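One structure is given below, encoded as structure tokens.
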Amino acid sequence: PLLAKKDRFMFPNKTSLSILSNQMLPLYEQFDMFDRLEVAGELMNKVSGGAILHLNLSSPMTPDASVALSKLLLEKYKITHWAANYGFTVCRKTGEVHTTVGIHKQCPVCGNAENISYITRVVGFNTEVKDWNLVRRTLDFPNRQWGDIDYILKGRD
């Protein structure tokens, strides 16, 4: 809390300071996925703890992809603390509930574009975005970038 107060004093017009982050590059800041990996890899082991890399994934991960991702993060980027954050789209229009991996503007199952909600990780657990506080709903979630696991494993071209 003390550092947050100092940040708000030094940067009174920066709304994002209402959200504290334990990441080198916060999820709401616009950076390429590979820039996130490089910065986290460079800085994470220079701090004494409390830092983690969150990867927002828009596709499910197979067991083999999980192993490959772990090896990539550990060996190439030297990242030891990371979490896979899945985004889920929930459709409630048809009387049934369709929950799919990924943040979709319309339901991949029935094509519905109304009554869509999203679930993803915030502050350690998965919740519906509509239940987040105002700053997280309007600043954090809309600015998160989602990457496909195959894109990450393929590497930067």
Side-chain angles (χ1 to χ4, degrees), residues 14-17 19-47 49-94 96-133 135-157:
K14 188 139 175 82
T15 307
S16 63
L17 292 176
I19 302 175
L20 298 179
S21 177
N22 61 348
Q23 298 171 80
M24 301 304 165
L25 298 174
L27 293 175
Y28 53 81
E29 296 290 348
Q30 299 297 302
F31 290 97
D32 175 83
M33 182 73 70
F34 295 102
D35 290 338
R36 287 185 180 284
L37 295 173
E38 289 171 9
V39 168
E42 180 69 27
L43 298 177
M44 190 168 292
N45 293 311
K46 293 182 171 44
V47 297
I52 188 169
L53 170 71
H54 291 260
L55 292 174
N56 288 327
L57 299 177
S58 60
S59 59
M61 206 176 354
T62 64
D64 288 343
S66 179
V67 169
L69 179 61
S70 295
K71 288 181 73 166
L72 176 74
L73 295 177
L74 290 167
E75 294 173 2
K76 180 174 182 180
Y77 294 101
K78 310 300 184 221
I79 296 171
T80 57
H81 295 89
W82 65 278
N85 293 339
Y86 287 103
F88 298 95
T89 299
V90 181
C91 168
R92 293 184 174 94
K93 183 173 183 184
T94 62
E96 297 178 23
V97 176
H98 303 141
T99 303
T100 53
V101 175
I103 302 299
H104 308 286
K105 298 291 183 201
Q106 70 181 69
C107 178
V109 177
C110 70
N112 169 49
E114 300 173 15
N115 300 318
I116 297 286
S117 65
Y118 304 105
I119 295 174
T120 193
R121 181 182 170 149
V122 66
V123 194
F125 48 89
N126 291 327
T127 58
E128 280 199 70
V129 173
K130 69 178 182 62
D131 296 331
W132 292 7
N133 72 44
V135 175
R136 285 211 183 268
R137 274 195 323 267
T138 58
L139 177 70
D140 181 351
F141 182 75
N143 289 306
R144 289 188 180 192
Q145 298 172 355
W146 301 88
D148 181 87
I149 186 65
D150 292 333
Y151 168 74
I152 296 168
L153 292 176
K154 180 182 171 193
R156 192 188 305 239
D157 290 336

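Here the structure is a predicted model, which is why all the values come from computation and not from measurement.
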Which atoms form the tightest heavy-atom contact between [X] and [Y], and what is the distance?
X: His104; Y: Thr89; value: N-OG1, 2.8 Å
X: Arg136; Y: Val122; value: CD-CG2, 3.3 Å
X: His81; Y: Ala51; value: CB-O, 3.5 Å
X: Glu128; Y: Arg92; value: OE2-NH2, 3.4 Å

field: Residue pair Arg156 / Asp35, side-chain heavy-atom distance below 4.5 Å
entry: yes
message: Do Tyr77 and Met44 have side chains that approach each other closer than 4.5 Å (heavy atoms only, starting at C-beta)?
response: no
message: Between Lys154 and Asp150, does any NZ, NE, NH1 or NH2 come within less than 4.0 Å of an OD or OE carboxylate oxygen?
response: no
Between [X] (side chain) and [Y] (backbone), is there a donor-acceptor pair under 3.5 Å?
X: Ser59; Y: Asp148; value: no
X: Asn45; Y: Lys78; value: yes
X: Gln30; Y: Asn143; value: yes
X: Arg121; Y: Gly87; value: no

- request: To the nearest 0.5 angstrom, please state how far the CD1 atom of Ile103 sits from the CG atom of Leu57.
  value: 11.0 Å
message: With rounding to the nearest 0.5 angstrom, report the CG to CG distance, Leu55 to Leu37.
response: 6.0 Å
task: Indicate, with yes or no, if the rings of Tyr151 and Phe34 have centres closer together than 6.0 Å.
output: yes
statement: The residue among Trp132, Phe141, Phe88 that forms side-chain contact (heavy atoms from CB on, under 4.5 Å) with Tyr118 is Phe141
